[in-house]
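Here the structure is laid out as structure tokens; the discussion comes afterwards.
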There are 2 protein chains.
Amino acid sequence: MSSSVAPIPDEQNGATPAFSPLYQQIKGLILQSLQQGQWKPGEVIPSETELAARFRVSQGTVRKAIDELAAENLVMRRQGKGTFVATHATPQVQYRFLKLLPDTGNDRIAGPAQRRVIECRRVRASADVARALALRSTDAVVQARRILSFAGVPTILEDIWLPGQAFKGLSAEQLANYPGPTYAMFELDFGVRMVRAEEKIRAVLPDAQQAQWLQIGAGTPLLSVERIAYTYNDMPMELRRGLYRTENHHYRNALN
Amino acid sequence: MSSSVAPIPDEQNGATPAFSPLYQQIKGLILQSLQQGQWKPGEVIPSETELAARFRVSQGTVRKAIDELAAENLVMRRQGKGTFVATHATPQVQYRFLKLLPDTGNDRIAGPAQRRVIECRRVRASADVARALALRSTDAVVQARRILSFAGVPTILEDIWLPGQAFKGLSAEQLANYPGPTYAMFELDFGVRMVRAEEKIRAVLPDAQQAQWLQIGAGTPLLSVERIAYTYNDMPMELRRGLYRTENHHYRNALN
DNA sequence: GAGTGGTCTAGACCACGCG
DNA sequence: GCGTGGTCTAGACCACTCA
């Protein structure tokens, strides 16, 4: 079928313009719908046959597009039911960005912790925060600081910066008491879905205040984890600086 | 086609035995050939059509099998040339298990470091080493310790344990002077290909000796990185304990 | 131009979930 | 029993590599 999916002519192009396979174009279109919130996190997207008809391509082509989206965790397939927009609320992938695990315990997550929010306010972005979030230095950001405790032991101290624009009205209450992953709360209350993240990890010593918050000695080494989380389109939407106690936990990473 | 790929009957099975799709079986067969070293790292494997004929399935089915192997980095496809057994010697994926990067510098690797081997000898496996490598406590292991320096600065101190059986004759000289990734040397000289790895990361303080080797003060926090590397079949083949200086480097991790 | 992987199609049938 | 994703096939054509 010589189809015609809007943007790229795809055939008879004078200048060999990089050549984008059909399924990539379809993927782009689906991605667009996801970005625009046409289908919300947790909802089904149209079936493969439906999409194939809509885009006037074969089901196999749509399939390959969705395969890639699934591989990137943007979408989840469930046989017999349909394909769903991925969400951090899904039990199986809750806290998938949290790599800190207890040393003991077969596996599975440090999970829902006790959260104590120390502060949460609107401020102007400092230079480095602005750079990380691709904002101007004068833009407003929400800055929060909280402590996560596991089994009563304060284990993570983290500072969070979010673009003020998208997170108007975020409260300490939400950060502390939302039942479930914070990223799920972001999806539900602000329509912001974190899609991937990058972390830079270092070993550091706490300053006096940090040591107090984490109830440790000044000489206790900590993991410093700086995370930038991205929404669709590689847009940075969160900067997070965490200090992790690792006497009884470790950061687990799988290399493939 | 009602094909017959050796092991699983695949059809008319009385007891609904988990059901393994054809392409998974094909994948298993290819995997077996890889394990047995029928095709060596860096070599081409037979073409898709050739494999399809050999296994009496369609090319699409072979394709899907190889797709998965490629996704797991066991194999590398190159259009127009063929499909190649992955190797740590490939420039683009060299040092892909080394996640420590310099803070400055656009990206790219800490790369080929200066390596100084402090020791390399055969010993009996201690209890924890034996457990990590799935050996008996009495089995021989090769134990090595070395320092990696970047731009003259000693940055990584690492202890390595390898099953004595598979690594008979490994010398300090090889560990120090092999031009290229150590894992490439393992492939070439011992026929052992590391396929994936898991790391547990903590923040620690060095003891006196470690501080001396890394030329740092006793209070300098370090990243402790414990890695278990696996060959085919999830067989653990290396235990590595690294201490990373992170004043000017960081451990980078991508979360998807 | 021959050979390899990459894309695309159309159609058949299977496994799963649910009413 | 129907609709969904999952598997499998066969065949056509495209893009890349190399002799």
Side-chain angles (χ1 to χ4, degrees), chain A residues 1-5 8-13 15-30 39 43-71 74-86, chain B residues 1-5 8-13 15-30 39 43-71 74-86:
Chain A
M1 260 286 121
S2 64
S3 67
S4 62
V5 178
I8 301 177
D10 179 33
E11 271 169 54
Q12 316 291 45
N13 253 330
T16 322
F19 170 63
S20 171
L22 230 200
Y23 76 88
Q24 285 289 1
Q25 301 177 43
I26 302 302
K27 182 184 170 189
L29 292 175
I30 298 176
W39 313 305
E43 291 180 5
V44 253
I45 73 173
S47 74
E48 295 179 355
T49 44
E50 153 75 23
L51 289 172
R54 182 180 306 183
F55 297 134
R56 288 137 157 299
V57 298
S58 82
Q59 196 216 350
T61 300
V62 170
R63 181 148 253 279
K64 178 137 192 183
I66 294 181
D67 275 346
E68 293 207 349
L69 294 171
L74 295 176
V75 114
M76 258 198 50
R77 330 187 72 147
R78 274 191 268 167
Q79 185 173 154
K81 302 193 69 175
T83 300
F84 298 75
V85 181
Chain B
M1 257 289 116
S2 64
S3 68
S4 63
V5 178
I8 303 178
D10 177 36
E11 270 169 57
Q12 317 290 46
N13 252 330
T16 321
F19 169 64
S20 170
L22 231 201
Y23 76 89
Q24 286 288 3
Q25 301 177 44
I26 303 300
K27 182 184 170 188
L29 292 176
I30 298 177
W39 314 304
E43 291 179 5
V44 254
I45 73 172
S47 74
E48 295 179 354
T49 45
E50 153 74 24
L51 289 172
R54 183 180 306 183
F55 298 136
R56 289 139 156 296
V57 299
S58 82
Q59 195 217 352
T61 300
V62 172
R63 180 147 254 279
K64 178 138 194 183
I66 295 182
D67 275 348
E68 292 207 348
L69 294 172
L74 297 176
V75 113
M76 258 198 47
R77 328 187 73 146
R78 274 190 268 167
Q79 184 173 155
K81 302 192 68 174
T83 300
F84 298 76
V85 182

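Residue numbers start from 1 in every chain, and the chains themselves are labelled A, B, ... in the order their sequence lines are given, proteins ahead of strands.
- Pairing each heavy atom of V57(B) with each of L22(B), the nearest pair is CG1-CD1, 3.6 Å.
- Look at CZ on F19(A): it is 6 Å from P on dA15(D), rounded to the nearest Å.
- Atom-to-atom distance recorded for L51(B):CG and L29(B):CG is 10.0 Å, nearest 0.5 angstrom.
- Residues satisfying the salt bridge (charged side-chain N to carboxylate O under 4.0 Å, His left out) criterion with R54(A), sequence neighbours excluded, are E50(A).
- At its two ends the helix from dG1(C)-dC18(D) to dC18(C)-dG1(D) runs along axes set 10° apart, each axis drawn from five pairs and the angle rounded to 10°.
- Among dG5(D), dT9(C), dC16(D), the nucleotide with an atom closest to any side-chain atom of L22(A) is dT9(C).
- Looking at heavy atoms from C-beta onward, L74(B) lies out of side-chain contact with I30(B) at the 4.5 angstrom threshold.
- Contact detail for F19(A) and P21(A): the closest heavy-atom pair is O-CD, 3.7 Å.
- Closest to the S58(A) side chain, of the nucleotides dT9(C), dC18(C), dT9(D), is dT9(C).
- For K81(A), whose side chain is taken as the heavy atoms from C-beta onward, the closest listed nucleotide among dG6(C), dC18(C), dT7(D) is dC18(C).
- Partners of Q59(A) under the side chain to side chain donor-acceptor pair (under 3.5 Å) rule, at least two apart in sequence or in another chain, are E48(A).
- The shortest distance between the side-chain N/O atoms of S47(A) and the OP1/OP2 oxygens of dG3(D) is not below 4.0 Å.
- Within residues 63-70 of chain A, the residues approached by DNA chain C to less than 4.0 Å at the level of any non-hydrogen atom are K64(A), in residue-number order.
- The CD-P distance, from Q24(A) to dT7(C), rounds to 8 Å in whole Å.
- Applying the 4.0 Å criterion to OP1 and OP2 of dG6(D), one finds that R77(A) has a side-chain N or O inside that range.
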Worked check of side-chain contact (heavy atoms from CB on, under 4.5 Å) between R77(B) and R63(B): CA-CA 11 Å; R77(B) 328 187 73 146; R63(B) 180 147 254 279; 3.6 Å; yes
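- Taking atom CD of residue E48(B) and atom C1' of nucleotide dT9(D), one finds them 15 Å apart after rounding to whole Å.
- Residues forming a side chain to side chain contact (heavy atoms under 4.5 Å, CB included) with K27(B) (at least two apart in sequence, or on another chain): Q24(B), A65(B), E68(B), L69(B), E72(B).
- Applying the 4.0 Å criterion to OP1 and OP2 of dT9(D), one finds that T61(B) has a side-chain N or O inside that range.
- In this structure, T83(B) has no side chain to side chain donor-acceptor pair (under 3.5 Å) partners at least two apart in sequence or on a different chain.
- Between L51(A) atom CG and dG3(D) atom P the separation is 17 Å, expressed in whole Å.
- Distance, Q59(B) CD to dG3(C) P: 15 Å, rounded to whole Å.
- The CE atom of M76(B) sits 12 Å away from the P atom of dT17(D) (whole-angstrom rounding).
- As a whole-Å value, the separation of Q79(A) CD from dG17(C) P is 7 Å.
- Look at CZ on R56(A): it is 12 Å from P on dT9(C), rounded to the nearest Å.
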